[in-house]
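Encoded as structure tokens, the structure appears first; notes follow it.
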2 protein chains.
Amino acid sequence: MQLPEAKGKFIEAWGKLGSEWGINRTMAQVHALLLVSPNELTTEEIMEELKISRGNANMTLRDLISWGLVEKQHKAGERKEYFYADKDTWNIARQVAKERRKRELDPIIKILDELSKVEGDSKDEAFKTFNKSVTDINKLAKNVDKTLETMLKAEENWFWKSIFKMFK
Amino acid sequence: MQLPEAKGKFIEAWGKLGSEWGINRTMAQVHALLLVSPNELTTEEIMEELKISRGNANMTLRDLISWGLVEKQHKAGERKEYFYADKDTWNIARQVAKERRKRELDPIIKILDELSKVEGDSKDEAFKTFNKSVTDINKLAKNVDKTLETMLKAEENWFWKSIFKMFK
DNA sequence: TTTAACTTTCAAAACAATTTGAAAGTTTAT
DNA sequence: ATAAACTTTCAAATTGTTTTGAAAGTTAAA
């Protein structure tokens with residue numbers, strides 16, 4: 001297999017994976033393209049390579065920036081904007097975990113907290129089951145949340161540091 | 001807030017979370033409904049409560065069963081089938097991790113392995129970057145895979161056992 | 001300030017995923 | 001064997017998501 005073909009396969013696979021995890025396919029593909037590009041690319045080049053429209057490229061790049069996965073670069077004397085992806089796998093994972101925590105975990109914990117407060121007849125099976133499921137899930141969610149917080153903010157934490165080593 | 005309202009909110013929230021993580025909304029909602037139901041429900045009851053069609057209910061329940069989250073029950077002397085969800089949060093998490101590993105992680109590792117083999121000119125920046133990104137991601141994916149395998153098969157493993165305790 | 005290079009927006013179009021419902025299939029009791 | 005109770009299937013319809021592209025907006029050099 002030659003590089004261009006391999007590149008295409010990588011972009012496709014990354015796109016598919018993204019879409020299976022609730023990330024827009026094009027966004028994952030643009031990210032993949034930037035990941036395998038040694039230097040920054042312009043909107044034009046991205047449009048060209050992935051055969052997507054200007055509007056799509058623009059919005060997708062904005063999203064990637066808001067996810068902290070891509071940065072705008074600004075070359076002296078040039079009008080065009082260049083885009084560049086952080087290529088450190090660990091940073092990518094951290095960044096995705098951080099964003100999803102903020103965007104999804106936090107809101108659902110808020111709801112679960114409310115639902116945990118619902119009171120009812122402790123002899124009512126329907127209530128008992130509701131309550132048990134909700135409080136159990138809430139507990140797990142909070143543990144995940146706390147764990148992520150620790151992991152994300154502290155490489156200085158000896159415990160997580162040793163866990164991270166296993167993954168690098 | 002009263003129980004029926006709370007139930008509705010829980011179902012809605014679980015559905016939304018599911019869809020953000022690539023799980024069909026209805027499937028997550030049916031799961032949620034079964035999670036808060038003390039006893040098994042029939043297809044009819046599920047259709048009724050969630051206002052979905054028979055076909056949809058049927059397919060969704062099959063999916064949930066294939067994910068190992070729901071079981072069919074068969075009451076003596078009755079023709080109808082009843083459905084029941086395991087309510088142990090930890091089992092749910094295990095089951096989802098197990099399935100997604102099989103369905104998504106394994107296939108992408110296979111592709112990454114292939115792409116890692118691609119050879120090229122080590123002076124070519126394009127090749128170097130491609131290779132670095134692909135092998136790095138492959139390494140991380142394999143580590144996640146190994147970790148999940150260990151976690152999933154072994155509660156007997158002292159190390160993971162102590163980690164699990166933190167979450168329960 | 002004008003112009004040209006470039007970026008952003010967003011309504012409409014294209015595409016993708018989900019859902020419906022009626023028909024076909026299956027099972028069990030009689 | 002037939003009927004009744006129930007389950008499954010799948011083509012078509014609906015709904016939801018993504019993409020386009022042209023127009024509007026912005027910026028910076030002249």
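Residue numbers begin at 1 in each chain, while the letters A, B, ... track the order of the sequences.
A straight line from CG of A:Leu61 to P of C:dC6 spans 16 Å, rounded to a whole angstrom. If you take CE of A:Met27 and C1' of D:dT19, they are 16 Å apart, rounded to a whole angstrom. Whole-Å rounding puts the A:Arg79 CZ to D:dG25 C1' distance at 13 Å. A:Lys75 has its NZ atom 17 Å from the P atom of D:dA29, to the nearest Å. If you measure from atom CZ of A:Arg54 to atom P of C:dC10, you get 18 Å, rounded to the nearest angstrom. Rounded to an integer number of Å, the gap from NZ of A:Lys51 to C1' of D:dT18 is 19 Å. Atom CD1 in A:Ile65 sits roughly 11 Å away from atom P in C:dT7 (whole-Å rounding). Per the geometry, CD1 belonging to A:Ile52 stands 19 Å off P belonging to C:dA14, to the nearest Å.
Within the structure, every side-chain polar atom (N or O) of A:Asn56 is placed at least 4.0 Å from both OP1 and OP2 of D:dG21. OP1 or OP2 of C:dT19 sits under 4.0 Å from a side-chain N or O of B:Thr26. Between B:Asn58 and D:dT7 there is no side-chain polar atom (N or O) within less than 4.0 angstrom of OP1 or OP2. Side-chain N/O atoms of B:Arg62 include one lying less than 4.0 angstrom from OP1 or OP2 on D:dT9. Dashed line: the shortest gap from a side-chain N or O of B:Lys72 to OP1 or OP2 of D:dT8 is under 4.0 Å.
Closest to the B:Met59 side chain, of the nucleotides D:dT7, D:dC10, C:dG21, is D:dC10. Comparing D:dC6, C:dT19, C:dT7 by their closest approach to the side chain of B:Lys80 singles out D:dC6.
At the heavy-atom level, A:Glu44 lies nowhere under 4.0 Å from the strands shown.
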> Under the side chain to side chain contact (heavy atoms under 4.5 Å, CB included) criterion, do B:Leu34 and B:Ile46 qualify, and how do the steps go?
Replying inline: CA-CA 9 Å; B:Leu34 289 170; B:Ile46 293 165; 4.3 Å; yes
> Could you walk me through whether B:Asn39 and B:Tyr82 pass the side chain to side chain contact (heavy atoms under 4.5 Å, CB included) check?
Replying inline: CA-CA 9 Å; B:Asn39 24 45; B:Tyr82 286 78; over 6 Å; no
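Of all heavy-atom pairs spanning B:Glu45 and B:Leu41, the tightest one is OE1-CA, 3.3 Å.
A donor-acceptor pair shorter than 3.5 Å cannot be found between the side chains of B:Thr26 and B:Gln29.
Annotation: cation-pi geometry not satisfied between B:Lys123 and B:Phe127 (NZ/CZ under 6.0 angstrom from ring centroid, within 45° of ring axis).
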